[in-house]
Chemist: 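Handing you a structure now.
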Amino acid sequence: MCAGRVDTVHLIHPFLEGADGVFVGSCLAGECHYDTGNSQAVGRVRLVRIILESAGLDGRRLAMKMMSSAEGPKFVEYVTRFVQDLKEVGPLGVIEGITGEDLRIKLTAALRAVEGEKVRWVAGKRYEFTETGNLYGETFTDHEIGRMFREIVADECDLQEMLLRLGKEAMTARDLAARMKTSPPVIVRRLSDLLRLRMVEMSDGEGAPLWKAT
């Protein structure tokens, strides 16, 4: 199967099932039978690695290597090295200090983010923006694309995590910030955005408003 068929969703599901890492192999750059399949895979792997790091997980848990079908020894070398890296990192979430329900919430939020239109649009535009250019013919460096990925991904993952947590129980902005390990002012700004979109509702609590997903 062409690596270009590997969707961002396929890269996150294994972690939700308890996998400690995911390895993607593709043909060499410039040798894709479908022209841009491996380049598209590079962008998706990079995007999901950013998502994992945004969730607090070690980016080494996701790797991609290019090789030809005649390079069996190189495949063995890459996979062996990947397994060694995973042994150093350890079981999913342990070294990162994210386990149990918190880990599942963060990974589910990541899955919801990549299923959303905004993140899918960004993933789909990577090849165009780095190779052929935007509407004005401008191309962007990998660094610039990576920065754009990080801004959009971090925002979407946080919003999805907020909705998941508020779907389970009503909380104050301060309690939600503590659960997500971020600052209350950031949470309040995002809650205001979600309230405007009617995705959360606010009610009176003891001393502070309570927020809940609609």
Side-chain angles (χ1 to χ4, degrees), residues 8-9 11-22 44-62 85-86 88-123 146-214:
T8 48
V9 171
L11 298 172
I12 292 178
H13 263 298
F15 293 107
L16 271 167
E17 297 299 322
D20 295 325
V22 174
R44 289 169 189 155
V45 168
R46 182 172 298 172
L47 176 64
V48 172
R49 187 178 292 118
I50 291 171
I51 287 173
L52 292 177
E53 291 172 348
S54 295
L57 296 173
D58 196 305
R60 290 176 293 174
R61 295 189 182 280
L62 176 61
D85 287 343
L86 285 185
E88 291 179 8
V89 176
L92 182 66
V94 174
I95 194 173
E96 297 96 339
I98 310 170
T99 57
E101 185 64 11
D102 279 340
L103 178 61
R104 175 156 288 277
I105 286 175
K106 286 184 175 296
L107 288 173
T108 303
L111 182 63
R112 287 190 177 187
V114 299
E115 289 175 334
E117 290 183 6
K118 185 179 290 186
V119 173
R120 283 195 171 276
W121 181 86
V122 171
R147 186 172 59 189
M148 179 176 68
F149 276 10
R150 283 182 174 81
E151 291 175 357
I152 293 175
V153 162
D155 187 57
E156 287 299 302
C157 286
D158 282 352
L159 289 178
Q160 292 301 330
E161 183 176 346
M162 289 170 66
L163 290 173
L164 283 169
R165 291 187 183 278
L166 294 177
K168 291 179 177 293
E169 60 177 308
M171 283 187 276
T172 65
R174 186 173 295 278
D175 288 340
L176 183 58
R179 296 277 184 90
M180 295 180 60
K181 295 181 174 59
T182 188
S183 67
V186 170
I187 292 296
V188 170
R189 284 198 301 272
R190 287 177 171 158
L191 284 171
S192 297
D193 291 338
L194 291 173
L195 183 64
R196 220 169 26 247
L197 295 170
R198 298 182 180 180
M199 299 177 75
V200 297
E201 58 187 17
M202 182 178 62
S203 61
D204 292 333
E206 295 183 5
L210 287 174
W211 297 85
K212 186 177 182 180
T214 56

Chemist: Can a donor-acceptor pair be found, under 3.5 Å and without considering hydrogens, that links the side chain of Glu96 to the backbone of Gly93?
Modeler: yes

Chemist: State the CD1-CE distance between Ile105 and Met180, to the nearest 0.5 angstrom.
Modeler: 10.0 Å

Chemist: Give the intermediate values and the outcome of side-chain contact (heavy atoms from CB on, under 4.5 Å) for residues Leu176 and Trp211.
Modeler: CA-CA 9 Å; Leu176 183 58; Trp211 297 85; 6.0 Å; no

Chemist: Please give me the minimum heavy-atom distance between Gln160 and Ala113, naming the atom from each residue.
Modeler: CG-N, 4.0 Å

Chemist: Should the pair Glu101-Arg165 be classified as a salt bridge under the 4.0 Å nitrogen-to-oxygen rule?
Modeler: no

Chemist: To the nearest 0.5 Å, how far apart are CG in Asp58 and CG in Leu52?
Modeler: 9.5 Å

Chemist: About how many Å separate CZ of Arg179 and NZ of Lys181, when rounded to the nearest 0.5 Å?
Modeler: 10.0 Å

Chemist: Lys106 and Ile98: which non-hydrogen atoms are nearest, and at how many Å?
Modeler: CD-CG2, 4.0 Å

Chemist: Hey, are the side chains of Leu92 and Thr99 touching, using non-hydrogen atoms and a 4.5 Å cut-off?
Modeler: no

Chemist: How far apart are the C-alpha atoms of Val48 and Val22, what are their side-chain angles, what is the distance that settles it, and do they pass the side-chain contact (heavy atoms from CB on, under 4.5 Å) test?
Modeler: CA-CA 11 Å; Val48 172; Val22 174; over 6 Å; no

Chemist: Specify the closest pair of heavy atoms between Ala208 and Thr172, including all atoms of both residues, with the distance to one decimal.
Modeler: CB-CG2, 4.0 Å

Chemist: Should Ile50 and Ile152 count as side-chain neighbours, where that means a heavy-atom distance under 4.5 Å?
Modeler: no

Chemist: Do Leu47 and Leu11 come within less than 4.5 Å of each other through their side chains, counting heavy atoms only?
Modeler: no

Chemist: I'd like to know if Glu53 pairs up with Arg60 as an ion pair, taking the criterion as any Lys NZ or Arg NE/NH1/NH2 lying under 4.0 Å from an Asp or Glu carboxylate oxygen.
Modeler: no

Chemist: Is it true that Arg61 and Asp85 have a side-chain N and a carboxylate O under 4.0 angstrom from each other?
Modeler: no

Chemist: Could you check whether Arg196 pairs with Asp193 (Lys NZ or Arg NE/NH1/NH2 to Asp/Glu carboxylate O, under 4.0 Å)?
Modeler: yes

Chemist: Test your reading of the model: is there a side-chain donor-acceptor pair from Asp20 to the backbone of Pro91, 3.5 Å cut-off?
Modeler: no

Chemist: Might you point out which heavy atoms bring Ala110 and Ile51 nearest each other, and give the distance in Å?
Modeler: CB-CG2, 3.3 Å

Chemist: Could you grab the distance from atom OG of Ser54 to atom CG of Asp155, nearest 0.5 Å is fine?
Modeler: 10.5 Å

Chemist: Measure across Leu164 and Ala109 and return the closest heavy-atom pair with its distance rounded to 0.1 Å.
Modeler: CD1-N, 3.5 Å

Chemist: Rounded to the nearest 0.5 Å, what separation is found between the OG1 atom of Thr214 and the CG atom of Leu194?
Modeler: 9.0 Å

Chemist: Starting at OG1 of Thr108, measure out to CD1 of Ile12 and round the result to the nearest 0.5 Å.
Modeler: 10.0 Å

Chemist: What closest approach, in Å, do Ala173 and Val188 show between heavy atoms, and which atom pair accounts for it?
Modeler: CB-CG2, 3.8 Å

Chemist: With side-chain contact (heavy atoms from CB on, under 4.5 Å) as the criterion, how do Asp204 and Leu210 come out once you've worked through the C-alpha distance, each side chain's angles and the decisive distance to 0.1 Å?
Modeler: CA-CA 6 Å; Asp204 292 333; Leu210 287 174; over 6 Å; no

Chemist: Kindly say whether Asp158 contributes a backbone atom to a donor-acceptor pair with the side chain of Arg190 at under 3.5 angstrom?
Modeler: no

